[in-house]
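Comments concern the structure below.
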Amino acid sequence: MNPVPLSLLPDSASVQADGSLAIGGCDLSELAAQYGTPLFVYDEAHLRARCAETVAAFGPGRAYYATKAFLCTAMARLAYEEGMHLDVASGGEMYVALRAGVPANAVALHGNNKTVAELRMAITEGVRHIVVDSFDELDRLDALHAEGLPAPKVLARITPGVHAHTHEFIATGQDDSKFGFNLGNGDAHRAVDRMRRSPSVQLDGVHCHIGSNVFEASNFAKAAEVMAGFAIPLDLPELVLGGGLGVPYVEGEEAPSITQWGNVLLDACQALGVRSNVSVEPGRSIVAGAAVTLYTVGTVKHIPGVRTYVSVDGGMSDNPRPVLYGSGYEAFLPRAVTAPRPARARLVGKHCESGDVLIFDAGLPDGVAVGDLLATPVTGAYGHSMASNYNKLTRPPVVFVGNGAARLVVRRETFEDLVQCDVG
Ligand code: LLP
């Protein structure tokens, strides 16, 4: 029933005299007219503010942006310009970061199953750290060293046995996990012993990541405590406590700010006597709230006694999170941002399956009609980065807005792009 909470909108969102929404001084309907829909609109000042907040909270060189949340050349540059290092989780993410001009010594490579080619690329380029995830990866690093490659600086990824309160698909700190060396069964100690003795790697520290979209500060404090207990006797220079800070997606949700998160982690480490550099690698909390997705309503179908379906021109290909994790979103009309939303509808996309749902039970203003521009806020993380070409939809463009100007940073895919890789 309530209007969309303005707290879910990007920092520079403002309601204009006619009740419509501008972000970064740009009118959303004008952006839609210029770039088409679906369209990701990011508030550049919001992105920069979250990067700067993280660097201020943890210190220069101790804040990595987890690029998996949203990566393109402009985003890699922006995070680096704001003083962040970059966490990449594949050769492809590493390539985009380096290609954007981010120096390799500001990049850390993650992954539970890094290929020999990815490891070779990381070593040859000279990344800051490889975060080693398994004994098999250590075997691969031994083989690369035997080929004559230098021994890279590494961190050991530890699975601390901490259950984060989040969706099971994105919880990673518990014993039953594909990630890292388990603390509980002795693997973590065995891995660290091997790395300390190994001529193929230089062990610089330890790392953990308990999960994503975590709202409870106590989960992070617990992970810090467990990791401090493991790390202090090792006396290594680096302790990385991962990302994972949650963000509010819908009315009524609340999450700690980055500054509060920093205080929880750093206070816990200090109280426990950690002397290593403490770093983090947030993704979602940097980018999620910075963006809204704009869609055009294409059909409105009333089924008396059942429900109303409102279909937009995107769907699970630009935001698979509702289908994957049951994640909630809000929707509103940019032309009437403060309008109450008494109508109920299922907001769906244009894909050929019933599971293509953006909001299962959306509150919308009365009178939503074909041709309306509709927006979903908090789509800046794991939307564009998880976008697909299902049904051969072309992936949406991305614009950065600020100070009344918009710049296109990712263009819309074309039909021609859809056959670029076809060779037969
Ligand atoms: N570090 C590591 C080792 C990670 O695995 C992740 C996320 C992060 C940092 C960044 O976490 P964040 O601050 O963004 O929570 N697709 C899912 C999220 C998957 C997160 C995977 N790892 C979603 O849409 O919710």
Side-chain angles (χ1 to χ4, degrees), residues 47 50-51 53-54 57-58 62-71 75 79 84-90 93 107-114 129-134 155-160 162 164-174 177-181 205-216 219-220 223 227 239-250 253 255-258 261-262 265 279-291 293 316 318-329 358 376 378-388:
L47 292 171
R50 294 306 180 283
C51 293
E53 184 182 353
T54 316
F58 291 91
R62 299 191 186 168
Y64 290 75
Y65 168 57
T67 60
K68 69 200 82 184
F70 165 57
L71 180 60
M75 184 61 211
M84 296 194 84
H85 288 170
L86 268 59
D87 147 356
V88 298
S90 70
E93 288 182 354
V107 172
L109 176 65
H110 287 263
N112 69 300
N113 182 15
K114 303 176 193 76
H129 286 124
I130 296 174
V131 184
V132 175
D133 213 282
S134 69
L155 306 178
R157 177 158 180 173
I158 308 300
T159 310
V162 173
H165 295 177
T166 187
H167 192 282
E168 71 165 300
F169 289 3
I170 54 177
T172 47
Q174 69 285 1
S177 169
K178 72 171 180 172
F179 295 104
F181 299 103
V206 291
H207 169 284
C208 80
H209 170 75
I210 56 170
S212 195
N213 208 26
V214 178
F215 289 86
E216 289 176 40
N219 287 173
F220 292 111
M227 289 302 289
L239 171 61
V240 182
L241 293 174
L245 177 61
V247 299
Y249 281 92
V250 294
E253 275 184 342
S257 68
I258 292 170
W261 180 54
L265 289 178
S279 304
V280 286
E281 42 194 33
R284 187 187 316 264
S285 52
I286 303 285
V287 293
T293 308
M316 63 195 293
D318 60 74
N319 186 0
R321 301 192 68 260
V323 193
L324 272 176
Y325 317 115
S327 306
Y329 285 87
L358 289 168
T376 51
V378 204
T379 53
Y382 304 108
H384 191 269
S385 68
M386 296 210 294
S388 76

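Atoms within each ligand, like the ligands themselves, are counted from 1 in listed order. We use all heavy atoms of the structure for the numbers below, so side chains are in, but hydrogens, waters and symmetry mates are not.
Within the 4.0 Å heavy-atom criterion, both parts of Arg284, backbone and side chain, lie near ligand 1. With a heavy-atom cut-off of 4.0 Å, Tyr325 touches ligand 1 through its side chain alone. At a heavy-atom distance under 4.0 Å, no atom of Leu324 approaches ligand 1.
Taking each of His110, Met386, Glu281 in turn, the one with a heavy atom nearest to atom 9 (C) of ligand 1 proves to be Glu281. Which of Arg321, Lys68, His207, Arg157 comes nearest to atom 7 (C) of ligand 1 through a heavy atom is settled by distance: it is Lys68.
For ligand 1, the polar-atom distance check finds no N/O of Ala69 at less than 3.5 Å from any of the ligand's N/O atoms.
Among protein heavy atoms, the minimum distance from atom 14 (O) of ligand 1 is reached at Tyr382 OH, 2.6 Å. Residue, atom and distance of the protein heavy atom nearest to atom 19 (C) of ligand 1 are Ile170 CG2, 3.7 Å. Looking only at heavy atoms of the protein, atom 8 (C) of ligand 1 is closest to His209 CE1, 3.4 Å.
For the atom pair NE2 (His207) and OG (Ser279), the distance works out to 9.5 Å, reported to the nearest 0.5 Å. One finds the CD atom of Glu281 at 10.0 Å from the OG1 atom of Thr67 (value rounded to the nearest 0.5 Å).
Within the 4.5 Å cutoff, no side-chain heavy atoms of Phe220 are placed close to those of Pro256.
Here is the list of ligand 1 atoms found below 4.0 Å of a heavy atom in Ser212: 11 (O), 12 (P), 14 (O), 15 (O), 18 (C), 20 (C). Interface atoms of ligand 1 facing Pro282, defined by a heavy-atom separation under 4.0 Å, are 13 (O). Of all the atoms in ligand 1, the ones that sit under 4.0 Å from a non-hydrogen atom of Gly243 are 9 (C), 13 (O). Every atom of ligand 1 is numbered from 1 in the order shown, and the set under 4.0 Å from a heavy atom of Asp87 is 1 (N), 9 (C). For ligand 1, the atoms lying closer than 4.0 Å to a non-hydrogen atom of Gly244 are 11 (O), 12 (P), 13 (O), 15 (O).
A distance-only check finds no donor-acceptor pair linking the side chain of Asp133 to the backbone of Phe181 [under 3.5 Å]. In this structure a side-chain-to-backbone donor-acceptor pair under 3.5 Å is missing from Lys68 to Ser90. In this structure, Thr379 contributes its side chain and Thr293 its backbone to a donor-acceptor pair below 3.5 Å.
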Is there a side-chain contact (heavy atoms from CB on, under 4.5 Å) between Tyr329 and Leu358? Walk through the geometry before answering. CA-CA 7 Å; Tyr329 285 87; Leu358 289 168; over 6 Å; no
Determine whether Val287 and Tyr65 satisfy the following criterion, side-chain contact (heavy atoms from CB on, under 4.5 Å), listing intermediate values before the conclusion. CA-CA 10 Å; Val287 293; Tyr65 168 57; 3.4 Å; yes
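For Gly244 against His209, the heavy-atom pair with the smallest separation is N-CE1, 3.8 Å.
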